[in-house]
Amino acid sequence: MSIQPSVQRFIEYLRIKTVQPTPDYAGCTEFLRRQAEEIGLEFQAKEYVAGKPVVVLSWAGTQPELPSIILNSHTDVVPVSEEHWSYPPFAATREATADGDFRIIARGAQDMKIVGLGYLEAVRLLKARGERLRRTLHLVFVPDEEIGGHDGMALFVESEEFRALNAGFALDEGMANPETELRVFYGERAPCWVRFVARGNAGHGSQFIRDTAAEKLVPIINELMDFRAAQLAELELPRADGSRRTLGDVTTTNLTMLRAGVQHNVVPDSAEVCFDIRMAPHIDYHAFRDWLQRLADQHGAELQLVQYWDDNSVSPTDSADPFWAAFARAVAAQGFTPAPEIFPAATDSRYLRRAGVPALGVTPLCNAPILLHDHDEYVTESQVLRAVAFYADVISAVADVDA
Ligand SMILES: CSCC[C@H](NC(C)=O)C(=O)O
Ligand SMILES: [Zn+2]
Ligand SMILES: [Zn+2]
């Protein structure tokens, strides 16, 4: 069976090895430049850090004075363990399924090239139909989301170019759902990556050494483990309306690194423990940080904040908000049921929301396995075509929101 041109372009995008830690951003920018030329979009590429381009493809609206719409996607993808893949992860192999569809297997298929390509193809379709939209669209392709966005979106939102976009609303990535609803992420949990470092007396492992570094960390670890258990219990309780809680309702704590010692019979003079904590947006971030500081002070350790995001902006999901209302109507017309949710991890949407731009994270993959960062990541051709139709409707709807 012949391949649809949009699917062919998706395969081409997937074959560009934008894999961390050495993404082919130059190849990706060239691909995007070609798309801009073909579709008829204005093209801009700017490197806030050398070799890490932020690419913006723009389509002017009929009322360019209105705040614009950002369609954001990151171009980088996470590394692969090639030995666990059925096909080379950057070949974008097409494999027939039993029901007459095709899987396209490649790193980045779900996270998030289906989204970036979906925007491009949707705009191509709208322009081919001769449609004009009120608001200007900016298709923003950012580098380095997979390593925190510090050299990408974080710098872009601080730039003159970003201010000039006058953005009023944004779409960004979400996550597939094995169930039927469309997960719509209107906020995210804030990363709080902490390290407690303790110092103490050293000596021979056969002696009764007092005030050792490691023993200072034990009560800190215990307190955090008690907090973790309480949050787990909360996660398992239904909400007041009877619905199931998701990770966005609780603060998770994982002990991810422990370091101390050099030899079995040497009491070490320092020890450290690291936690990956994700704070739910409804908690008081500063009170939480103060509690961590008190724990450190009480037990004679030093607290280091390795990552600490202190903005808990969430985007409106009520029918009084015109962007949400337009978005929800278009989603429903496409046959999807939106399920608003807090994203459990961190995406570039946090920079947009902090900059005052409401952002919704959506990946239009329902009844689909969650394969982001996994081996044999894939989407089917019908999912790609569905995503294009989805974005054509949703983009028209949000770009036509009047003043
Ligand atoms: C704090 S930067 C790390 C970003 C990463 N994002 C994702 C989506 O995995 C995370 O949440 O761990
Ligand atoms: Zn992603
Ligand atoms: Zn990712």
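No experiment lies behind these values; they were computed from the predicted model shown. Just so you know, ligand 1 is whichever comes first in the structure, and atom 1 is the first atom listed for that ligand.
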Trainee: Between Phe169 and Trp324, is the gap from one ring center to the other below 6.0 Å?
Mentor: no
Trainee: In this structure, does ligand 1 have an atom that sits under 4.0 Å from one of the heavy atoms of Arg350?
Mentor: yes
Trainee: Looking at ligand 1, does Glu146 have a heavy atom less than 4.0 Å from it?
Mentor: no
Trainee: Determine whether more than 12 heavy atoms belonging to other residues, nucleotides or ligands lie under 6.0 Å from atom CZ of Arg239.
Mentor: yes
Trainee: Can you report which non-hydrogen protein atom sits closest to atom 9 (O) of ligand 1, along with the distance?
Mentor: His373 CE1, 4.0 Å
Trainee: Could you tell me which atoms of ligand 1, counted from 1 in the order shown, lie closer than 4.0 angstrom to a heavy atom of Gln307?
Mentor: 1 (C)
Trainee: Check the orientation of Phe288 and Phe227. Use parallel for under 30°, tilted for 30 to 60°, and perpendicular for over 60°.
Mentor: tilted
Trainee: How far apart are the closest heavy atoms of Arg135 and Val401, and which atoms are they?
Mentor: NE-O, 2.8 Å
Trainee: I'd like to know whether CZ of Arg210 has more than 12 heavy-atom contacts from other residues, nucleotides or ligands below 6.0 angstrom.
Mentor: no
Trainee: If you have a sec, work out which protein heavy atom is nearest atom 2 (S) of ligand 1 and how many Å separate them, to one decimal?
Mentor: Gly148 CA, 3.6 Å
Trainee: Is the NZ atom of Lys17 crowded by more than 12 outside heavy atoms at less than 6.0 Å?
Mentor: no
Trainee: Could you walk me through whether Arg107 and Phe90 pass side chain to side chain contact (heavy atoms under 4.5 Å, CB included), step by step?
Mentor: CA-CA 6 Å; Arg107 171 57 86 227; Phe90 297 97; 3.8 Å; yes
Trainee: How far is atom 3 (C) of ligand 1 from its nearest protein heavy atom, and which residue and atom name does that atom have?
Mentor: Trp193 CH2, 3.8 Å
Trainee: What atoms in ligand 1 come closer than 4.0 Å to a heavy atom of Ala345?
Mentor: 11 (O)
Trainee: Which residue and atom name correspond to the protein heavy atom nearest atom 12 (O) of ligand 1, and how close is it?
Mentor: Arg278 NH2, 2.9 Å
Trainee: Closest heavy-atom contact between Glu377 and Asp111?
Mentor: OE2-N, 2.9 Å
Trainee: Looking at atom 6 (N) of ligand 1, what's its closest protein heavy atom, distance included?
Mentor: Ala346 O, 2.7 Å
Trainee: Looking only at heavy atoms, what is the nearest atom pair of Leu137 and Ala399, with distance?
Mentor: CD2-CB, 3.9 Å
Trainee: Can you list the steps and then say if Arg15 with Glu12 is a salt bridge (Lys or Arg N to Asp or Glu O under 4.0 Å)?
Mentor: CA-CA 5 Å; Arg15 286 182 177 162; Glu12 195 184 340; over 6 Å; no
Trainee: Leaving out waters, which are not shown anyway, how many protein N, O or S atoms lie closer than 2.8 Å to the Zn ion (ligand 3)?
Mentor: 4
Trainee: Backbone, side chain, both or neither: what part of Glu173 comes under 4.0 angstrom of ligand 1, heavy atoms only?
Mentor: neither
Trainee: Over 60° means perpendicular and under 30° means parallel, so classify the ring planes of Phe156 and Tyr48, tilted if in between.
Mentor: tilted
